[in-house]
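Working notes, beginning with the structure itself.
Chain naming here is simple, since letters A, B, ... match the order of the sequence lines and numbering starts at 1 in each.
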Amino acid sequence: MRWSRYYLFTTREAPKDAEVVSHRLMVRGSMIRKVAAGIYSYLPLGWRSVRKLEEIVRREMTRAGSVELSMPAIHPAELWQETDRWDVYGHLLLRMKDRNDRDFCFGPTHEEVITDIVRRDVRSYRQLPLSLFQIQTKFRDEIRPRFGLMRGREFIMKDAYTFHADQESLDETYEAIRAAYCRIFEACGLEYSMVEADSGTIGGASSHEFMVLADTGEDAVVRSPSGSYAANVERARIGPLETPAAAAAEELRRVETPGQRTVEDVARFLGKPLTALVKTLIYETEKELVGVVVRGDREVNEVKLRNHLGAKHLALGGEAKVREATGAPVGFAGPVALPGELRFVGDESARPLVNFVCGANAADAHFVGANWGRDATVEEWTDLVLARDGDPSPDGDGALELFRGIEVGHIFDLGTKYSAAMQCVFADENGEDRPMLMGCYGLGIGRTVAAAVEQNHDADGIIWPMALAPFEALVVSLDSDDAAVAGVADSIYEGLLEAGVDVFHDDRRERPGVKFKDADLIGFPVRVVVGARGLAEGKVEVSLRRDRERQLVDPGDAVALMRRLLEER
RNA sequence: CGGGGCGUAGCUCAGCCUGGCAGAGCGCACGGUUCGGGUCCGUGAGGCCGGAGGUUCAAAUCCUCUCGCCCCGACCA
């Protein structure tokens, strides 16, 4: 492909709203173009990278025994109502009506549609297991799209769904697809980590996320030193915290704490460490108000809390709710001497505390010397804490380290959540109907490409991993008007084409500096420069984008050298 | 949804506070110059100042409403 005839217009400047480097570089490199918030066109160069990733994904999914199909982007409401997700998905679901006023949505994921297909065709355990995938455009009406392709509203995703007669079969397939994902991300040259995850609105028994490590990632991940434990912080458990030294129970005393509303205020005011306090938060769900206690220095993990409560919606209670539950303004809640009934759940971090400080459920007052059992009772002790850097790993493997990550893939053991709701059943060996076990496996195509840029760039531009580079090689002809230069450049270009190399030819009448800057920005992995100056010595210059080491070779040897460099990747 | 900010040339932005000829750089066209890391000089084209209403002799500028976009938070595969 010749640049002079291609659709590729680089810019020196990125739009001011492009904050992360992948977004900046992909816009400057003329790979994507914003159409609306979170909605992008892929320009030809960007589309080539997307297509390359899609091919890798197809290859590996097929190798893992999955079969490609394609489902519609528009779904009838009835399917989503069967699983209750028409309501549960909320505003994330883009809804629309047809001319007959029937409800539809633009599919954000395809569990309902695939389950509807399979339940019509599959009757017997003999037909299982099944594994199907598609690569398709999704739409999720995200509250706040951002970071270019990183969190779009419209985005390309590979989604796979598997159906099984028993758990063993599901586990086997889950493992096969996990391995396929590893091969895919390795092929893309990504440094990634598979972590335990919360399954969110997709639901199901368990799930794992594939996280590309990057400082700009939107997710936080903890990992133990050997990597034996890794989890999204939404999910992460921690090992036991230090327990306070045993002490004789003190007397419960009420102390005046005027205006001391936060744990920090109270700790400073009373001259106690944060760890001697119990922090009490009043949460509101669609069903009830709940009191939550955690050690004073810790934060509540709301994802864990919502899961524990089995709630659809969870939010901190406002001023009015707090007063309703405690009879006091915000800042003075506690588990001791509550005016009424309130369900209390506690994080394990608060359980071993003795003679602790807590709110007195009255304005400007706290208790000191409080003890569980004698003064206060929590019915449910569980793990509700937000893990942080340095916490003990739950498997005893040292201290957890906190990383930022980009979620590029998420695989789920769905159990029978969808099959049971939608009567997707099969006859087992005894002729009994049973719901199928299902797995679901997502991989963000655009996000993975963006993550690859995020992880592979320098001050001058993108350094594409070979597998995702829109073109593998670039021929730069300087002095385009010079017939000898044009001839040599053309013959190298043709030679690379014949060798099956994805090659691009910068044949523009531009100054050398412009061409070099553009080559670096776009990040062609291998480059050959043909100029009058080099040609006078009988040489052309071959170099790699990654290390920029230049080799001068005879024009006749350029194709062979470049092929060798491409082989070495 | 709460808080903050921004919409001016194709792009990045100044001008707005304090109302009075609509600007710069980049890009584009043309001429010259230069020619291995975003040359330099000159000429030129290009604007409903997001939209609607209001105040005023006069509005990019002040006021009201509205649409879009971005950031923080809440929320969220």
Grab the CD1-P distance between Ile39(A) and rC70(B) for me, whole Å please. 10 Å

Upstream residue (5' side of RNA chain B) when Arg151(A) and Pro145(A) are each assigned their closest nucleotide: Pro145(A)

5'-most by nearest nucleotide on RNA chain B - Gly442(A) or Lys34(A): Lys34(A)

Under a 4.0 Å threshold between the charged nitrogen and the carboxylate oxygen, would Asp506(A) count as salt-bridged to Lys515(A)? yes

Can you give one letter per nucleotide of nucleotides 32-42 of chain B, going 5' to 3': B for a protein heavy atom under 4.0 Å from the base, S for sugar-phosphate only, - for none? --BSBBBB---

Sub-3.5 Å pairs of nitrogen or oxygen atoms, protein against nucleotides 5-9 of chain B:
none

Which base, if any, makes a Watson-Crick or G-U wobble pair with rC1(B), both distances under 3.5 Å? rG73(B)

Might you list the N or O atoms of the protein lying below 3.5 Å from N or O atoms in nucleotides 72-75 of chain B, with each pair's distance?
| from | atom 1 | to | atom 2 | distance (Å) |
| --- | --- | --- | --- | --- |
| rC72(B) | OP2 | Arg144(A) | NH1 | 2.5 |
| rC72(B) | OP2 | Arg144(A) | NH2 | 2.6 |
| rC72(B) | OP2 | Arg146(A) | NH1 | 3.4 |
| rC75(B) | OP1 | Glu302(A) | OE1 | 3.2 |

Say you pick atom P in rG19(B) and the same atom in rA24(B); how far apart are they, in whole Å? 24 Å

Given the C1' atoms of rC75(B) and rG3(B), what is the spacing between them in whole Å? 15 Å

Would you kindly give the CG-to-C1' distance between Asp141(A) and rA77(B), to the nearest whole Å? 14 Å

Please check if the side chain of Gln134(A) supplies one atom and the backbone of Met71(A) the other of a donor-acceptor pair under 3.5 Å. yes

What pairs with Arg5(A) under salt bridge (charged side-chain N to carboxylate O under 4.0 Å, His left out), at least two apart in sequence or on another chain? none

Whole angstrom value for the distance that separates P of rC76(B) from CD of Glu234(A): 9 Å

Return the set of residues passing salt bridge (charged side-chain N to carboxylate O under 4.0 Å, His left out) with Glu541(A) (not counting sequence neighbours), or none when no residue passes. Arg527(A), Arg550(A)

Less than 4.0 Å between a side-chain N and a carboxylate O, is that true for Glu299(A) and Arg388(A)? no

Roughly how many Å apart are rG54(B) and rG15(B), using the P atom of each and rounding to a whole number? 29 Å

So which nucleotide does rG19(B) pair with, by the Watson-Crick or G-U wobble rule with both distances under 3.5 Å? none

Set of side chain to side chain contact (heavy atoms under 4.5 Å, CB included) partners for Asp116(A), sequence neighbours left out: Leu79(A), Arg119(A), Arg120(A), Met422(A)

Output every pair passing side chain to side chain donor-acceptor pair (under 3.5 Å) with a member in residues 19-28 of chain A, not counting sequence neighbours, ordered by first then second residue. Ser22(A)-Glu454(A), His23(A)-Tyr40(A)

Using atom NE2 of His23(A) as one end and atom C1' of rC71(B) as the other, report the distance to the nearest whole Å. 14 Å

If I take atom CZ in residue Arg509(A) and atom P in nucleotide rC28(B), what distance separates them, rounded to the nearest angstrom? 14 Å

For Lys304(A), side chain to side chain donor-acceptor pair (under 3.5 Å) partners two or more places apart: Asp383(A)

Just to be sure I understand the rule, does Arg447(A) reach a base, reach only the sugar-phosphate, or reach nothing, if contact means heavy atoms closer than 4.0 Å? base

Applying side chain to side chain contact (heavy atoms under 4.5 Å, CB included), name anything that partners Arg2(A), two or more places apart in sequence or on another chain. Ser4(A), Asp490(A), Tyr493(A), Glu494(A), His505(A), Asp507(A)

For rA24(B), which nucleotide is its Watson-Crick or G-U wobble mate, given both distances must be under 3.5 Å? rU12(B)

With rounding to the closest Å, how many angstrom separate the P atoms on rC69(B) and rA29(B)? 32 Å

Partner lookup for rG42(B), please. Criteria are Watson-Crick or G-U wobble with both distances under 3.5 angstrom; report none if nothing qualifies. rC30(B)

Counting the atoms with a prime plus P, OP1 and OP2 as sugar-phosphate, which does Pro15(A) contact under 4.0 Å by heavy atoms, base, sugar-phosphate, or nothing? sugar-phosphate

For Arg323(A), what residues pass the salt bridge (charged side-chain N to carboxylate O under 4.0 Å, His left out) criterion, not counting sequence neighbours? none

Watson-Crick or G-U wobble partner for rG7(B), using a 3.5 Å limit on both distances? rC67(B)

Of all pairs that satisfy salt bridge (Lys or Arg N to Asp or Glu O under 4.0 Å), the ones with a partner from residues 173-182 of chain A, not counting sequence neighbours: Glu175(A)-Arg178(A)

Check this for me: does any side-chain nitrogen of one of Arg548(A) and Asp520(A) sit under 4.0 Å from a carboxylate oxygen of the other? yes

Phe412(A) CZ to rA77(B) P: how many Å, rounded? 9 Å

Roughly how many Å is it from CD1 in Ile406(A) to P in rC76(B), rounded to a whole number? 22 Å

Sequence neighbours excluded, which residues qualify as salt bridge (charged side-chain N to carboxylate O under 4.0 Å, His left out) partners of Asp557(A)? none

Which value, in whole Å, describes the distance between the C1' atoms of nucleotides rU33(B) and rC17(B)? 45 Å

Strictly by Watson-Crick or wobble contacts shorter than 3.5 Å, is anything paired with rC62(B), and which nucleotide is it? rG54(B)

Can you tell which of rA77(B), rC76(B), rC70(B) lies closest to the side chain of His410(A)? rA77(B)

